[in-house]
**Q** 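Got a structure for you, questions after.
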Amino acid sequence: LEVIGAPYFNRSHDLRGAVLVFHDVTEFKRLEQMRKDFVANVSHELRTPITSIKGFAETMLEDDLDKDLRVRFLSIIYKESHRLQLLIQDLLDLSKLEKSAFQLNYQTVNMDHLIQESVEMAKVQAKEKDIRLVIEGDTNLTLLADYDRLKQVILNLIYNAINYTPSEGIVTISITDALGYIKVDVSDNGMGIDAASIPRIFERFYRVDKARSRNTGGTGLGLSIAKHIIEAHQGRIDVHSEVDKGSIFTIVLPKEQA
Ligand code: ADP
């Protein structure tokens with residue numbers, strides 16, 4: 001609470017009282033804190049790969065390393081530059097989505113086509129872990145949406161499901177017609193998310209397990225980007241999850257736009 005006060009006097013300069021203005025700055029402070037945290041997070045996320053790239057490059061310049069070690073160091077440098085690239089892409093994407101001038105490119109989207117294409121793209125990653133991708137439900141539906149943005153969200157949910165599920169798991173994409181809405185569930189039988197983390201996973205850079213997410217190449221921004229895209233469509237994204245059982249991410253989208 002911010003308080004501004006001033007005494008007031010009558011014409012003969014006698015003190016008559018005081019005016020106090022109470023200003024509720026809770027929301028302002030919260031937003032300011034979020035902005036500060038975001039800048040600190042971005043700096044940290046950028047610094048970690050850069051420190052590693054610089055360190056390995058320096059060692060390679062200074063020491064005469066054998067071929068094996070050179071390859072090992074170079075592959076670390078490659079991996080870390082790739083991480084930086086993904087992070088910068090996600091940051092640019094997020095800033096684009098947060099601009100008020102941001103516009104979706106609405107078109108008639110055939111769900112079957114969108115799901116088939118997404119599953120096709122995720123196949124390589126699924127195969128590496130022996131994970132089965134299953135499509136269920138009424139895929140023969142259309143809605144008005146931004147095809148590329150919607151595909152980006154679904155693909156992101158499928159990649160997450162693969163990343164956070166042990167080998168030989170199952171990832172199911174199921175589509176339901178819900179009277180004016182389309183519901184898409186992406187479920188897995190993987191590690192799940194603890195109850196305390198569930199309300200936070202759509203926050204920028206929030207990860208249940210930082211080390212694990214970095215190893216799988218995650219930037220920690222995917223779900224907040226997904227939430228932005230779905231909300232821009234006047235839809236909703238939610239999660240139900242249980243540790244060691246699995247997770248269900250649900251998207252509900254209106255078929256037509258108001
Ligand atoms: P990341 O790039 O780290 O995957 P996201 O924003 O996509 O970032 O997800 C945020 C966090 O939510 C992840 O780090 C992970 O801890 C958790 N998460 C997301 N999807 C799943 C899932 N299907 N199963 C378990 N945990 C998940």
Side-chain angles (χ1 to χ4, degrees), residues 34 37-38 41-42 44-46 48-49 79-98 115 118-119 121-123 125-126 128-136 149-174 183-232 235-251:
M34 268 174 73
D37 289 348
F38 182 64
N41 277 331
V42 170
H44 177 77
E45 297 290 332
L46 290 172
T48 316
K79 211 176 116 196
E80 295 294 296
S81 346
H82 183 66
R83 267 183 58 69
L84 272 179
Q85 194 180 27
L86 291 181
L87 180 62
I88 288 163
Q89 256 166 31
D90 275 358
L91 283 170
L92 286 174
D93 209 21
L94 201 59
S95 106
K96 204 160 138 190
L97 290 165
E98 282 178 346
I115 301 292
S118 312
V119 165
M121 284 179 77
K123 258 187 185 154
Q125 224 143 324
E128 274 170 14
K129 288 180 77 178
D130 244 331
I131 284 176
R132 206 147 60 86
L133 295 176
V134 179
I135 303 174
E136 263 180 10
R149 288 298 189 179
L150 193 53
K151 187 168 140 195
Q152 177 183 1
V153 173
I154 305 245
L155 204 53
N156 195 281
L157 296 181
I158 300 176
Y159 281 139
N160 274 352
I162 296 172
N163 276 340
Y164 301 104
T165 298
S167 298
E168 292 171 29
I170 301 175
V171 172
T172 310
I173 302 107
S174 109
K183 187 160 90 79
V184 184
D185 290 309
V186 178
S187 44
D188 63 64
N189 59 352
M191 58 192 285
I193 302 162
D194 63 285
S197 295
I198 286 180
R200 302 202 55 194
I201 57 166
F202 293 99
E203 285 173 23
R204 301 179 292 197
F205 291 122
Y206 186 82
R207 295 142 160 152
V208 179
D209 178 346
K210 273 197 187 297
R212 186 193 176 92
S213 160
R214 287 222 181 83
N215 276 334
T216 58
T219 61
L221 294 174
L223 285 179
S224 50
I225 291 176
K227 192 172 155 76
H228 269 287
I229 295 174
I230 295 304
E231 286 179 354
R236 262 190 15 240
I237 180 163
D238 263 313
V239 61
H240 284 272
S241 188
E242 224 177 301
V243 173
D244 291 334
K245 290 234 165 76
S247 310
I248 308 173
F249 283 83
T250 303
I251 299 170

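Counting starts at 1 for both ligands and their atoms, following the listed order.
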**Q** With a cut-off of 6.0 Å (strictly less than), are more than 12 heavy atoms of other residues, nucleotides or ligands near NZ of K129?
**A** yes
**Q** Residues in side chain to side chain donor-acceptor pair (under 3.5 Å) with T250, at least two apart?
**A** D185
**Q** Can you run down the salt bridge (charged side-chain N to carboxylate O under 4.0 Å, His left out) pairs that involve residues 195-205, sequence neighbours left out, and say none if there aren't any?
**A**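 Counting only pairs at least two positions apart or across chains, the salt bridge (charged side-chain N to carboxylate O under 4.0 Å, His left out) contacts touching residues 195-205 are E98-R204, R200-E203.
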**Q** Any heavy-atom pair between the side chains of L223 and F249 that's under 4.5 Å?
**A** yes
**Q** State which residues pass salt bridge (Lys or Arg N to Asp or Glu O under 4.0 Å) with E242; sequence neighbours excluded, sorted by chain then number.
**A**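 Salt bridge (Lys or Arg N to Asp or Glu O under 4.0 Å) check on E242 returns K245.
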**Q** What distance do S247 atom OG and N160 atom CG have between them, rounded to the nearest 0.5 Å?
**A** 9.5 Å
**Q** Quick one, list the residues around ligand 1 where some non-hydrogen atom comes in under 4.0 Å, by chain and residue number.
**A**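 Residues near ligand 1: N156, N160, A161, Y164, D188, G192, I193, I201, Y206, R207, V208, S213, G218, T219, G220, L221, G222, L223, S247, F249.
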